[in-house]
J.: 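Got a structure for you, questions after.
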Amino acid sequence: MTDPLVTVDGLEKYYYENDTLLDRLTGAEPEAVRAVDGVSFDVREGETLGVVGESGCGKSTLAETLMRLREPTGGSVTFDGDPVFELAGDDMDAFRRRAQVMFQDPFSSLDPRMTAGEIITEPLAIHGVGTGAERRERAETLLEEVGLSAEQIDRYPHEFSGGQRQRIGFARALAIDPEFIVLDEPVSALDVSVQAQVLNLLADMQAERDLTYLFIAHDLSVVRHISDRVAVMYLGEIVEIGPTEEIFENPQHPYTKALLESVPRADTDERDRTVETIRGDVPSPRNPPSGCSFRTRCPELIQPPWLDLPQAAFREIGEFRTRIENGDIDVDLRWEGVGDPDREDRAAFVDSLYEEAFDTGLPAEEEETVREAIRALADGDRETAAATLRERYRSPCEAIDPALPAGDHPSACLLNEQPEDVETAREEWEADHDAPKAGAASE
Amino acid sequence: MISPRTLRNLRSELSRSLLAKLGIAILAVILFTALFAPLLAPHDPTNQNLDNANIPPLGFTATENQTSSEMVDGEVQIVEEEVVVNTTTAHPLGTDSLGRDVLSRTMFGARTSLLVGLFGTSIAVVLGVTVGITAGYYGGRIDDALMRFADVMLAFPSLVLAIALIGLWGQASLRIPDPLVAFGIASSEMPETIVLPGTVIVVVALVNWVWFARVARGEALSVRDQEYVKAARSMGGSDLHVILRHVLPNSLTPILVLATIQIAAIILLESSLSFLGFSGAQLSWGFDIAQGRQYLSSSWWIATVPGLAIVAAVVGINLIGDWLRDALDPGIEGQGGAP
Ligand code: SF4
């Protein structure tokens, strides 16, 4: 195994909202947005590390913080032994030459008022490399190398297609002979047919020039062919990292599995399943869930030791519980729906809500617990209703925050191997929580 | 910096718009007149001749109260006589109350207006764009402080602010020898110097820079989030590099459009200041209007001719501003090109 070129250790980037002058005067607490929340990984020399996640998971912030385009709020990045966030003067200059970024947007990543030649030679001009004529020559060579023609050197970006613009952006990143390039979704904005061509270009250049890539994408299929290893990000954290083939053939984390299932395939049956596996929106990084950050969408949510329900049933109960906890059920409206404004026929209320919320048949015991909660709700006691469900259907995933262990292919999920302290915390949690009585016993 | 595409847009918009052509024609005439005033003007604009005072423009008549009294039936009657004065081409637009040629004065007055307009706007642009881009690019507290200050400036009516500043600093002006006269190209009877009203230029710039600051700030705010700015910074480009190479060129279009409009506004402001007697200029459209105001009922042309000149200049410049805005619309700029 080769040495790491880049080492990221516990990198954090929080944004603070409510931090205007007025907020400070009124004493409002600044609210942290955890864009990148403690991320650690290595990028080894000559490899491509793919970073994948849905939009809003913090992968672009990760790239920009790593390149010190934003100042981190915690953690460190080491580049070839140098601490990036402490560099200054000539050392910083050297870092800016050795590491480059290629951006996503073919429109806004090129200055519309500069010609292709001016764009490509900008890093050379900034670092004072070569004379004007030499730079121009270099730009011509680079244009040819990225598959354009030297005659196009005086054209403006609007005269190029999206794919061609990305090639120009890549030529700019190559101009100053870097060792490391961060590719921030370099093909996301392109047509699928053009994507493949640009990906091939990136791979060819890497082989030719011994480049190290950090490749960011929102789609696993894009990174598959170019990456040696893949890291999967969710809500500012890495949830699984490993060799590409292993990630695809043997995914560990439920989120990775869900992402793999959502890769569109020709077969329509599979596509139907997609909708089923990953539902709901990414929670706001302003207010991430307790415990495991994926638990609000996790299809494999762990049941407490006293339960052994079919997973679909457990999920349904969980969703019902969330609705009650969030106050999403309008009790008044439901009473009216039952046609009983005097609120006497509690059984009708319970039946109507139960039938609406539950498709799968629950075991008798659980059905009774749920009905008990609904009865409390019918009396207008939302607290008791929520507590009843919370007692019996709590998941360790709510309480324990899984960590990403060391190793070749770790995953931050309680179903997989976890570091010792997490395992201990989980055992303690299970010891602290006895099985509460099921609903049937109380009647 | 001006791409071929920009030129193309300018040309096509010009061929489409009659008003743009009109604006260019008006401004061309005014510019030509201002440049060659000593050659074009029929008289020395400062030459007084009380014998020829209050002559109306060619072909017009003027009524004068002749105080000839007659005794009719034992009562005194004042007889008004109508006198047609001007039949000569010596003073085609008449003379003012001191017998100075109105046409010549209006021609020379164009110089003052254009000088103040161009220099005043240039200073305002430099000042406003510097402040605005600094505020927009750096954001945060620098932005807060600069823009609050700018808002305070905007809260004062510009004329009041200008008068206050002139009151504070007095009226200084620079006399530059007129090359046309100095080299003997124009008649030596013409005024030997061009008066550059220094204080007025600085004051109109100080009153108007805020508009440029606001526009430049808005542009800088949007440009600084573009990926090419991030790219430049990731390559190691300094703030100065980013501002000069990216932010400024990409903010220029709306600033240019605003500049044309502001030239017109500044010409108006200069005229107001001259009219109110604050500019110290003795040869300017505003000054002549002020002079002619008291004779408006009897000798309307003294104020009306320079007044029409102001209207023409402002309309012409605004038409050009509209043309630039339509042709350089950033909405059109960013797009185009094959997908
Ligand atoms: S820890 Fe629990 S919620 Fe999180 S991914 Fe694993 S099973 Fe799902």
Side-chain angles (χ1 to χ4, degrees), chain A residues 19-21 60 63-64 66-70 92-115 118-119 121-128 154-165 169 172-173 175-176 178 181-182 184 189-191 194, chain B residues 1-9 138-148 219-256 328-339:
Chain A
D19 203 19
T20 62
L21 185 62
S60 285
E64 286 170 18
L66 181 138
M67 287 298 295
R68 206 176 165 184
L69 292 176
R70 302 164 187 269
M92 190 62 207
D93 228 43
F95 173 69
R96 289 282 181 231
R97 297 175 62 150
R98 296 174 68 189
Q100 297 289 318
V101 192
M102 175 181 174
F103 288 95
Q104 168 184 14
D105 186 344
F107 291 90
S108 95
S109 62
L110 308 181
D111 189 330
R113 292 187 186 266
M114 287 165 75
T115 63
E118 288 170 329
I119 290 169
T121 54
E122 192 181 0
L124 302 173
I126 287 174
H127 292 283
D154 290 321
R155 300 237 181 119
Y156 286 86
H158 76 274
E159 298 171 76
F160 293 97
S161 69
Q164 289 174 324
R165 290 184 203 211
R172 172 174 63 188
I176 200 151
I181 303 182
V182 172
D184 187 358
L190 305 178
D191 287 347
V194 185
Chain B
M1 214 137 69
I2 299 176
S3 67
R5 179 170 42 117
T6 311
L7 287 177
R8 223 168 31 238
N9 285 345
Y138 288 102
R141 276 171 214 187
I142 298 179
D143 186 24
D144 284 346
L146 287 175
M147 294 329 282
R148 281 306 83 70
E219 290 299 305
L221 264 182
S222 74
V223 173
R224 82 169 174 179
D225 288 333
Q226 299 289 319
E227 283 191 346
Y228 54 79
V229 167
K230 263 192 243 168
R233 286 178 50 223
S234 77
M235 293 171 223
S238 61
D239 287 346
L240 194 65
H241 168 89
V242 171
I243 287 174
L244 292 181
R245 198 78 184 92
H246 300 289
V247 180
L248 196 57
N250 283 289
S251 310
L252 230 43
T253 303
I255 293 171
L256 191 69
L328 306 180
D329 190 324
I332 304 165
E333 282 277 297
Q335 299 160 9

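Convention: sequence-line order gives letters A, B, ...; per-chain numbering from 1.
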J.: Applying ring-ring contact (aromatic ring centres under 6.0 Å, His included), name anything that partners A/Phe103, two or more places apart in sequence or on another chain.
T.: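 If we apply the ring-ring contact (aromatic ring centres under 6.0 Å, His included) test to A/Phe103, skipping adjacent residues, there are no hits.
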J.: Could you pull out the closest heavy-atom pair between B/Ser234 and A/Arg96, with the gap in Å?
T.: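 So the minimum-distance heavy-atom pair works out to O-CD, 3.2 Å.
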J.: Locate the shortest heavy-atom distance separating A/Glu122 from B/Ala232; write the atom from each residue and the value.
T.: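 That closest heavy-atom pairing would be OE2-CB, 3.5 Å.
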J.: Please round to the nearest 0.5 Å and tell me the distance separating atom CZ of B/Arg245 and atom CE of A/Met114.
T.: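 Here the rounded value is 4.0 Å.
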J.: Let's go through B/Leu248 and A/Arg113 carefully: what are the C-alpha distance in whole Å and the side-chain angles of both, what is the deciding distance for side-chain contact (heavy atoms from CB on, under 4.5 Å) to 0.1 Å, and is it a yes or a no?
T.: CA-CA 11 Å; B/Leu248 196 57; A/Arg113 292 187 186 266; over 6 Å; no
J.: For A/Ala173, which atoms come within 4.5 Å of any heavy atom of chain B: side chain, backbone, both, or neither?
T.: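 For A/Ala173, there is no contact with chain B at all, as no heavy atom is under 4.5 Å.
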J.: Against chain B, label A/Arg97 side chain, backbone, both or neither, depending on which of its atoms sit under 4.5 Å from a heavy atom there.
T.: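 Nothing of A/Arg97, per the 4.5 Å heavy-atom cut-off to chain B.
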J.: Sort A/Gln104 into side chain, backbone, both or neither according to what part of it lies under 4.5 angstrom from a heavy atom of chain B.
T.: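 For A/Gln104, heavy atoms of backbone and side chain both lie under 4.5 Å from chain B.
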J.: Less than 4.5 Å to any heavy atom of chain A: does that hold for the side chain of B/His246, its backbone, both, or neither?
T.: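 When you check distances to chain A, atoms from both the backbone and side chain of B/His246 fall under 4.5 Å.
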J.: Name the region of A/Gln100, side chain, backbone, both or neither, that has any atom closer than 4.5 Å to a heavy atom of chain B.
T.: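 Contact with chain B is through the side chain of A/Gln100 alone.
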J.: Tell me, side chain or backbone of A/Asp111 under 4.5 Å from chain B's heavy atoms, or both, or neither?
T.: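 It is both, since atoms from each part get that close.
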J.: Sort A/Leu69 into side chain, backbone, both or neither according to what part of it lies under 4.5 angstrom from a heavy atom of chain B.
T.: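 The answer is both parts of A/Leu69.
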J.: When rounded to the nearest 0.5 angstrom, what is the spacing between NZ in B/Lys230 and CG in A/Asp105?
T.: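 The NZ atom of B/Lys230 sits 9.5 Å away from the CG atom of A/Asp105.
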J.: For residues B/Tyr228 and A/Ser109, report the shortest heavy-atom separation together with the two atoms involved.
T.: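 What the structure gives for the nearest pair is CB-O, 3.4 Å.
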J.: Exactly one of A/Leu124, A/Ile176, A/Val101, A/Ile126 should register a side-chain contact (heavy atoms from CB on, under 4.5 Å) with B/Met235. Which one does?
T.: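 Testing each of A/Leu124, A/Ile176, A/Val101, A/Ile126 against B/Met235, the sole residue satisfying side-chain contact (heavy atoms from CB on, under 4.5 Å) is A/Ile126.
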